[in-house]
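Hydrogens, waters and symmetry mates play no part in the numbers below; they use all other heavy atoms, side chains included.
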Amino acid sequence: MRVLDADAAVADVADGATVLIGGFGTAGMPFTLIDALVRHGARDLTVVSNNAGNGSTGLAALLAAGQVRRMICSFPRQVDSYVFDDLYRAGKVELEVVPQGNLAERMRAAGAGIGAFFTPTGYGTVLAEGKETREIDGRAYVLEYPLRGDVALIAARRADTAGNLVFHKTARNFGPVMATAATTTIAEVDDVVDAGGIDPEAVVTPGIFVDRVVAVGAEQRIAAREGASA
Amino acid sequence: MRVLDADAAVADVADGATVLIGGFGTAGMPFTLIDALVRHGARDLTVVSNNAGNGSTGLAALLAAGQVRRMICSFPRQVDSYVFDDLYRAGKVELEVVPQGNLAERMRAAGAGIGAFFTPTGYGTVLAEGKETREIDGRAYVLEYPLRGDVALIAARRADTAGNLVFHKTARNFGPVMATAATTTIAEVDDVVDAGGIDPEAVVTPGIFVDRVVAVGAEQRIAAREGASA
Amino acid sequence: MTTVESQLRTVEHADRGPLSRDEMAQAIARDIEPGSYVNLGIGQPTLVADHLDGDSGIVLHTENGMLGMGPVARGDAIDPDLVNAGKAPVTELPGSSYFHHADSFAMMRGGHLDVCVLGAFQVSQRGDLANWHTGAPDAIPAVGGAMDLAVGAKRVFVMMTLFAKDGSSKLVESLTYPVTGLACVSRVYTEHAVFDVGADGVVVRETHGTTVDALRERLPVQVRRLED
Amino acid sequence: MTTVESQLRTVEHADRGPLSRDEMAQAIARDIEPGSYVNLGIGQPTLVADHLDGDSGIVLHTENGMLGMGPVARGDAIDPDLVNAGKAPVTELPGSSYFHHADSFAMMRGGHLDVCVLGAFQVSQRGDLANWHTGAPDAIPAVGGAMDLAVGAKRVFVMMTLFAKDGSSKLVESLTYPVTGLACVSRVYTEHAVFDVGADGVVVRETHGTTVDALRERLPVQVRRLED
């Protein structure tokens with residue numbers, strides 16, 4: 001694991017990359033890393049995130065910058081998802097809607113080396129049209145495949161120098177799963193402590209899943225968030 | 001979640017039940033609960049556990065009592081597995097050997113509502129003979145099914161009155177997975193604290209997976225363990 | 001709730017009006033057993049929380065990664081990192097726990113929640129649920145956790161008005177809206193009546209401000225009384 | 001290890017004897033890049049740990065649920081709840097973490113470990129591995145994590161003697177022992193030589209106390225030099 005500044009951390013994100021972006025709404029959204037990705041300018045991205053941006057900052061800013069070709073998410077439509085809504089209606093961004101639990105489980109499968117799995121979620125719905133189905137023990141399932149990222153951008157509360165992460169309340173959400181599913185995982189954190197500074201029993205994401213850490217500071221994180229809700 | 005004594009906790013384990021028993025060797029083995037299950041006397045059990053008993057206590061005692069019809073495990077053969085070895089060679093216990101990661105993942109699938117999953121582990125080996133296989137993205141996989149328990153017996157470090165559990169070092173092993181995979185999960189713990197006494201960020205097994213807790217005390221746990229290695 | 005569960009005859013409360021939204025929430029709360037693990041979805045069903053007895057030991061799950069969710073947060077208690085599935089700030093109760101999304105949805109899909117309460121556009125007589133999409137061609141599709149919740153809980157309760165704004169019944173023979181989940185709903189709470197649905201068809205458990213016979217006139221499905 | 005990786009020609013150390021077990025462990029340690037996540041299995045491969053540079057940032061994984069495993073524990077440092085995959089008491093290093101078995105094997109199966117070092121009964125020229133069962137009819141089968149480790153790590157190294165007690169080569173054209181994993185081994189360390197195996201067949205990287213030509217006399221597989 002290396003500690004970098006945000007611009008250096010995202011410098012090698014390639015055009016056309018699949019980028020997993022943590023967060024449930026703005027809770028757990030890595031604003032600092034997304035801002036750096038906007039400055040970096042990588043284009044034609046496929047972004048996997050639960051929502052499709054709120055207000056005009058964070059993921060919404062990345063969308064507004066025209067860098068996203070395709071969104072894979074569970075719930076794009078929100079009261080303040082106007083940036084996405086306009087792009088979608090104008091045909092400027094593609095959308096794949098995935099049930100939230102299948103979204104999480106597909107990334108879990110990618111990180112866990114599972115080739116495919118049968119899930120009951122979505123069976124009999126339009127979101128399972130064309131997919132393989134099977135009845136197992138009297139229950140109907142849909143076959144779903146892993147969802148991998150080239151890069152994951154996530155936000156955590158704290159890292160240690162071994163790359164271990166802990167999170168903060170429901171801002172944890174997709175972060176730990178995405179960390180396992182990407183070739184390169186980049187975490188923004190409030191602070192970085194020495195190895196041993198996080199209780200080994202309380203580590204949520206082991207350092208093996210974390211490639212780069214950006215220490216943002218709690219103040220900057222709160223400022224970024226307030227920018228987000230402004 | 002109810003706090004009970006060990007005998008009351010296992011009183012309704014039925015003959016023929018599938019019992020998931022935590023532990024990797026003796027680390028994390030629920031000796032107190034197994035002792036109670038020996039006193040209870042339920043027979044024709046299918047036991048799922050990583051090993052097949054060490055020495056003459058714990059799982060080995062359950063085997064010696066003739067209560068186990070079938071073992072599902074990854075590694076029965078050990079330097080001190082003489083109880084199992086003798087029963088097996090005498091044809092008195094059946095054995096299903098499952099690769100350790102498939103064993104864990106099959107229980108995880110049971111707890112997670114996954115109908116089946118494609119795993120690369122075991123492909124091309126005798127342990128996958130007769131199983132469905134598939135090539136996905138150029139890699140070969142075997143289809144494996146969930147492994148459910150009627151009861152799980154596990155050992156944890158501490159519970160709170162909401163049933164949340166934390167574990168101790170590598171004694172964690174199969175405990176959290178088995179807790180999700182059984183209809184009834186019974187945990188023996190060193191102590192039980194009030195709700196709020198375990199940091200919500202550090203809970204390993206949420207209380208929703210824990211039905212009964214037996215407070216054993218650290219001293220009794222250590223005594224049971226020393227009995228085990230005697 | 002013991003009395004409700006062991007109910008043998010349909011009860012007709014014709015001497016009063018339909019249930020208010022709060023009364024519907026109260027009726028649902030009454031039917032949730034003490035000690036249950038419950039997900040209240042988003043929107044109207046979250047009202048149920050206001051009617052749960054604090055001593056009941058009922059634990060609320062929110063699919064964005066928490067058990068032991070407390071009431072909505074106000075003032076200084078607001079933490080933008082502690083939100084419910086509707087993204088409103090909430091609080092934590094003693095005994096709460098946090099977990100990531102894959103674990104949270106494994107918990108749901110694995111059938112560990114006792115009850116889930118959802119809103120609906122339509123419910124069919126066999127318990128099929130439509131609540132995620134109107135099917136309108138210009139609507140941006142958004143499913144969230146609806147399909148996971150529909151198939152995950154041991155019992156799925158629906159809280160909805162019985163009739164749409166155009167007067168048509170939302171309890172239907174077969175769904176015309178896009179499916180969320182098949183044969184997943186067990187009970188439907190409406191302002192006019194509470195129904196059990198499933199393989200045996202529709203059974204009226206109780207009516208409010210109407211009678212079973214009067215409902216039969218307005219509903220496109222066959223309904224039975226408990227005692228039939 | 002940079003020198004070894006960029007090695008262009010097979011090196012023959014004919015002016016010395018075969019490697020000792022410790023020297024084999026040392027050779028493996030030298031080939032593991034700084035910062036790698038490594039699983040050393042059980043038995044002989046655990047000797048590799050003694051030769052890892054403390055400043056290398058190499059992190060040891062044990063499949064029973066830990067990253068950051070330290071040396072074997074002695075005396076008062078022994079905690080029966082802190083053991084390695086061979087069930088020997090070990091220690092924890094700063095920066096360690098614990099996780100449950102499903103997470104631990106997801107980590108392995110998902111390809112997150114850089115290197116895994118295993119013992120073997122046989123390795124085939126294409127990298128098939130046999131290390132879990134002799135096939136003897138009276139043996140009690142026991143696989144443990146062997147099959148998971150074989151398919152999980154980015155690179156699987158085998159540490160073994162080149163010849164069995166009966167003098168037969170353990171590097172074979174096709175396995176005769178029961179398979180652990182197919183096409184999974186990338187490199188084989190023996191006392192006489194280090195081999196790369198895989199789709200391109202067997203390449204000798206270096207010899208110890210012998211030559212490539214001498215090895216060709218004794219091995220049932222075709223071997224090439226790096227420069228061939």
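- In the model, Q122(D) has a side-chain atom that pairs as donor or acceptor with a side-chain atom of T176(D) under 3.5 Å.
- T183(A) and D150(A) share no donor-acceptor pair across their side chains, judged by distance under 3.5 Å alone.
- Across I198(A), N164(A), T161(A), the residue that shares the most heavy-atom pairs under 4.5 angstrom with chain D is N164(A).
- Interface remark: L113(D) contributes backbone and side-chain atoms alike to the contact with chain A (heavy atom separation under 4.5 Å).
- Of the N and O atoms on the side chains of Y189(D) and D31(D), at least one donor lies less than 3.5 Å from an acceptor on the other residue.
- A donor atom on one side chain and an acceptor atom on the other are found under 3.5 Å apart for N50(A) and S74(A).
- D190(A) and H168(A) share no side-chain donor-acceptor pair at under 3.5 Å.
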Working for side-chain hydrogen bond (donor to acceptor under 3.5 Å, both in side chains), residues S104(D) and H61(D): CA-CA 9 Å; S104(D) 184; H61(D) 172 261; 3.1 Å; yes
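- Contacts between residues 102-118 of chain A and chain D, defined by a heavy-atom separation under 4.5 Å, are made by R108(A), G111(A), A112(A), G113(A), I114(A).
- Side-chain polar atoms of T62(D) and N64(D) form a donor-acceptor pair below 3.5 angstrom.
- Between chain D and the residues V193(A), V203(A), V204(A), the largest count of heavy-atom pairs under 4.5 Å involves V203(A).
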